[in-house]
Visitor: 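Quick one: structure below, then a few questions.
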Amino acid sequence: MKGDVWCIPLGRDQALIYAPYHGITTLVNRSMSELVFRCLAEPGQPVPTGADWINVLRQPGKHPSRHCGPVSPLYLGLIPTRSCMMQCAYCDFVSAKNSQAMSYDMIRHVIDGYADILRGRFGAEWNMHFFGGEPFAAFGHVVFAVNYARRKADELGIPTHFEVTTNGYYSEERCRWIAENIDTVVLSLDGFPKTQNLHRPGPGGQESFPTVCRNADIFACGSCELIIRSCVSALNADGLPGWAAFVAHRWYPDAVCLEPM
């Protein structure tokens, strides 16, 4: 809408006015959202009775002050690519062939920066998380990042911990590398074949359950910590007790996350 005020359409006749720097979040109908836009675009436009909050939006927002002092991050988050090889029903990331990956120079740059932050800190641990898209849609970049980070951490004499959130849809060979080199694997697997294949189909609508289930077996037998992450919809909500029992007895995961959509 303008600057630090956003209008987010919700359905045909509703919109969310979101202005965090003004302390305002409100649900309005379409005509009111159009009026808000006019009021912000035209300073002389009167506001209706009871809508004085629009005048607040006309004022400069209270932006948070910039961080001062030493940086103490919980972890280094790396997004090698926003692409993904799957076509999940509730996700809008693009296919792997149409998306770029982070450059190797950028990976080196951010890892060097993280090393500078940790250098000389008592009790420091190199904690690095990979997100996406699907991180392993850029598999070579993750391998490079892990190996380069290990080298930098060795130079500093500090231990490493690598974590990844992944869809698990890749070859057995690739999965075994992950199981041996990543400390914590957060694996997205939504349920039994009917649910998984509808929620998270593979390329061209292929079923994904057999591949992801096989890779979950590999992770469960490996040295990595395994966390199963399942998205819950109307399709699988009623079957959660059975799914939880299946997960617990087949993989003995370190944790299970059930996330309502």
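These values consider heavy atoms only, across backbone and side chains, with no hydrogens, waters or symmetry-generated copies. Predicted, not measured: the structure shown is a model, and the values here were computed from it.
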Visitor: Quick one: CG on L10 to CG on N29, what's the gap to the nearest 0.5 Å?
Guide: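 Interatomic distance, L10 CG to N29 CG, rounded to 0.5 Å: 12.0 Å.
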
Visitor: Would you say NE2 of H249 has more than 12 non-hydrogen atoms from neighbouring residues, nucleotides or ligands within 6.0 angstrom?
Guide: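 Open: at most 12 neighbouring heavy atoms sit under 6.0 Å from NE2 of H249.
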
Visitor: Under the criterion salt bridge (charged side-chain N to carboxylate O under 4.0 Å, His left out), I'd like the reasoning laid out for D190 against R200: C-alpha separation, chi angles, the key distance, then a yes or no.
Guide: CA-CA 8 Å; D190 284 0; R200 299 178 177 273; 3.1 Å; yes

Visitor: I'd like to know if the side chain of Y114 and the backbone of N127 have a donor-acceptor N/O pair within less than 3.5 Å.
Guide: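 Yes.
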
Visitor: Can you check side chain to side chain contact (heavy atoms under 4.5 Å, CB included) on L57 and I17, steps first, answer last?
Guide: CA-CA 10 Å; L57 300 181; I17 304 298; 4.1 Å; yes

Visitor: For E134 and S83, does a side-chain donor sit closer than 3.5 Å to a side-chain acceptor?
Guide: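 Checked: E134/S83 side chains show no N/O donor-acceptor pair below 3.5 Å.
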
Visitor: Can L235 be reached from L240 by stepping across I, L, V, M, F, W or Y side chains whose heavy atoms are under 4.5 Å apart?
Guide: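 No, L240 and L235 fall in different hydrophobic clusters.
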
Visitor: Please evaluate residues F139 and Y170 with respect to the criterion ring pair (Phe, Tyr, Trp, His ring centres under 6.0 Å), reporting the C-alpha separation (whole Å), side-chain torsions for both, the decisive distance (0.1 Å), and the verdict.
Guide: CA-CA 10 Å; F139 182 73; Y170 27 74; 7.8 Å; no

Visitor: Nearest 0.5 Å, what's the CD1-CG distance between I107 and L78?
Guide: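 So the gap between those two atoms works out to 5.5 Å.
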
Visitor: To check you understand the geometry: which heavy-atom pair defines the closest contact between I227 and C257, and what is its length?
Guide: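 Reported closest heavy-atom pair: CG2-SG, 4.0 Å.
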
Visitor: Applying side chain to side chain contact (heavy atoms under 4.5 Å, CB included) to I182 and C224, what does each step give before you reach the verdict?
Guide: CA-CA 6 Å; I182 302 296; C224 63; 5.6 Å; no

Visitor: So I178 and F219, do their side chains get closer than 4.5 Å, heavy atoms only?
Guide: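 Yes; the side chains approach each other to less than 4.5 Å.
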
Visitor: Working to the nearest 0.5 Å, report the span between CE of M102 and NE2 of H109.
Guide: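 Between M102 CE and H109 NE2, I get 10.5 Å after rounding to 0.5 Å.
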
Visitor: If you take all heavy atoms of V110 and L76, which pair is closest and at what distance?
Guide: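 Smallest heavy-atom distance, with atoms named: O-CD2, 4.2 Å.
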
Visitor: Scan side-chain atoms only and decide if S230 and W243 contain a donor-acceptor pair under the 3.5 Å cut-off.
Guide: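 Checked: S230/W243 side chains pair up, N/O donor to acceptor below 3.5 Å.
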
Visitor: Which atom pair, heavy atoms only, marks the closest approach of G132 to I79?
Guide: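 Smallest heavy-atom distance, with atoms named: CA-CG2, 4.1 Å.
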
Visitor: Quick check for you: to the nearest 0.5 Å, what is the distance between K152 atom NZ and R150 atom CZ?
Guide: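 If we round to the nearest 0.5 Å, K152:NZ and R150:CZ are 16.0 Å apart.
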
Visitor: Check whether any side-chain heavy atom of P201 lies under 4.5 Å from a side-chain heavy atom of M86, and answer yes or no.
Guide: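 P201 vs M86: side chains apart.
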
Visitor: Let me check something: do V164 and W126 share a hydrophobic cluster, defined by ILVMFWY side-chain heavy atoms less than 4.5 Å apart, either directly or through other members?
Guide: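 Yes; W126 is reachable from V164 via cluster members.
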
Visitor: Tell me whether R174 forms a cation-pi arrangement with F136, defined as NZ or CZ under 6.0 Å from the six-membered ring centre and within 45 degrees of its axis.
Guide: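 R174 over F136 ring: no.
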
Visitor: Begin from the C-alpha positions of H161 and E125 and carry the test side chain to side chain contact (heavy atoms under 4.5 Å, CB included) through to its verdict.
Guide: CA-CA 7 Å; H161 184 93; E125 180 184 77; 3.9 Å; yes

Visitor: How close do L226 and A216 get, heavy atom to heavy atom, and via which atoms?
Guide: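 Minimum heavy-atom separation between L226 and A216: CD2-O, 4.1 Å.
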
Visitor: Of all heavy-atom pairs between P135 and T81, which one has the smallest distance, and what is that distance?
Guide: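 P135 and T81 have their closest heavy atoms at O-CG2, 4.3 Å.
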
Visitor: Should T160 and I158 count as side-chain neighbours, where that means a heavy-atom distance under 4.5 Å?
Guide: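 Result no, sub-4.5 Å side-chain heavy-atom pair not found.
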
Visitor: Hey, is E180 close enough to R176 for a salt bridge, meaning N to O under 4.0 Å?
Guide: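 Salt bridge flag = no for R176 with E180.
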
Visitor: Side chains of S188 and R229: is there a donor and an acceptor less than 3.5 Å apart?
Guide: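 Short answer, yes.
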
Visitor: Rounded to the nearest 0.5 Å, how far does CE of M261 lie from SG of C91?
Guide: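 If I round to the nearest 0.5 Å, the distance is 11.5 Å.
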
Visitor: Any non-hydrogen side-chain atom of P253 less than 4.5 Å from a side-chain atom of E225?
Guide: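 Sidechains of E225 and P253: no contact.
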
Visitor: Do Y18 and L27 sit in one hydrophobic cluster, given that two such residues count as connected whenever their side-chain heavy atoms are within less than 4.5 Å of each other, even indirectly?
Guide: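 Yes, it is one cluster - the side chains of Y18 and L27 are joined through contacts under 4.5 Å.
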
Visitor: In Å and rounded to the nearest 0.5 Å, what is the CZ to CD1 distance from F37 to I54?
Guide: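 Those atoms lie 13.5 Å apart.
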
Visitor: Under a 4.0 Å threshold between the charged nitrogen and the carboxylate oxygen, would R151 count as salt-bridged to D154?
Guide: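 Looking at D154 and R151, the cut-off is not met.
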
Visitor: Does some side-chain heavy atom of C39 sit less than 4.5 Å from a side-chain heavy atom of V47?
Guide: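 Heavy-atom side-chain distance check passes, below 4.5 Å.
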
Visitor: Any side-chain heavy atom of M128 within less than 4.5 Å of one from Y75?
Guide: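 Not touching, per the 4.5 Å side-chain cut-off.
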
Visitor: Taking CG in D238 as the centre, count heavy atoms belonging to other residues, nucleotides or ligands within less than 6.0 Å. Is the count above 12?
Guide: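 Open.
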
Visitor: Can you check whether Q45 reaches L40 side chain to side chain, under 4.5 Å on heavy atoms?
Guide: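 A side-chain contact is absent here, since even the closest heavy-atom pair is not under 4.5 Å.
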
Visitor: Can you check whether F192 and F209 have ring centres sitting under 6.0 Å from each other?
Guide: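 When the ring centroids of F192 and F209 are compared, they turn out to be at least 6.0 Å apart.
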
Visitor: Backbone N or O of Q59 within a donor-acceptor pair of the H22 side chain at under 3.5 Å?
Guide: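 A pair under 3.5 Å: yes.
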
Visitor: Are W177 and I218 co-members of a hydrophobic cluster defined by side-chain heavy atoms under 4.5 Å apart?
Guide: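 No, because I218 and W177 fall into different hydrophobic clusters, even though each may have its own neighbours under 4.5 Å.
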
Visitor: Counting only heavy atoms not in E173, do more than 12 sit closer than 6.0 Å to its CD atom?
Guide: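 No, CD of E173 has 12 or fewer neighbouring heavy atoms, counting only those of other groups under 6.0 Å.
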
Visitor: Any ion pair linking D105 and R108 (charged N to carboxylate O, less than 4.0 Å)?
Guide: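 Answer for the salt bridge query: yes.
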
Visitor: Side-chain heavy atoms under 4.5 angstrom apart, residues restricted to Ile, Leu, Val, Met, Phe, Trp, Tyr: same cluster for V56 and V36?
Guide: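 Same hydrophobic cluster.
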
Visitor: With a cut-off of 6.0 Å (strictly less than), are more than 12 heavy atoms of other residues, nucleotides or ligands near CZ of R121?
Guide: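 It does: R121 CZ has more than 12 such atoms within range.
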
Visitor: So, for F162 and V146, which heavy atoms are closest and what is the spacing to 0.1 Å?
Guide: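 Smallest interatomic distance, heavy atoms only, reads CZ-O, 3.9 Å.
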
Visitor: W251 and F246: aromatic ring centres closer than 6.0 Å?
Guide: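 That pair passes the under 6.0 Å test.
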
Visitor: I'd like to know whether N215 forms a side chain to side chain contact (heavy atoms under 4.5 Å, CB included) with Y169, so could you lay out the CA-CA distance, the side-chain angles of the two residues, the decisive distance to 0.1 Å, and finally the verdict.
Guide: CA-CA 8 Å; N215 288 342; Y169 193 77; over 6 Å; no

Visitor: Can you classify the ring geometry of H129 versus F131 as parallel (below 30°), tilted (30 to 60°) or perpendicular (above 60°)?
Guide: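 Because their plane-to-plane angle lies in the 30° to 60° range, the rings of H129 and F131 count as tilted.
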
Visitor: Any heavy-atom pair between the side chains of R214 and E172 that's under 4.5 Å?
Guide: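 Answer yes - side chains close enough.
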
Visitor: Are any side-chain N or O atoms of N197 and backbone N or O atoms of S208, one a donor and one an acceptor, separated by less than 3.5 Å?
Guide: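 Answer holds: yes.
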
Visitor: Donor-acceptor check, side chain of N236 to backbone of Q196, threshold 3.5 angstrom: yes or no?
Guide: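 Not a single qualifying donor-acceptor pair exists.
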
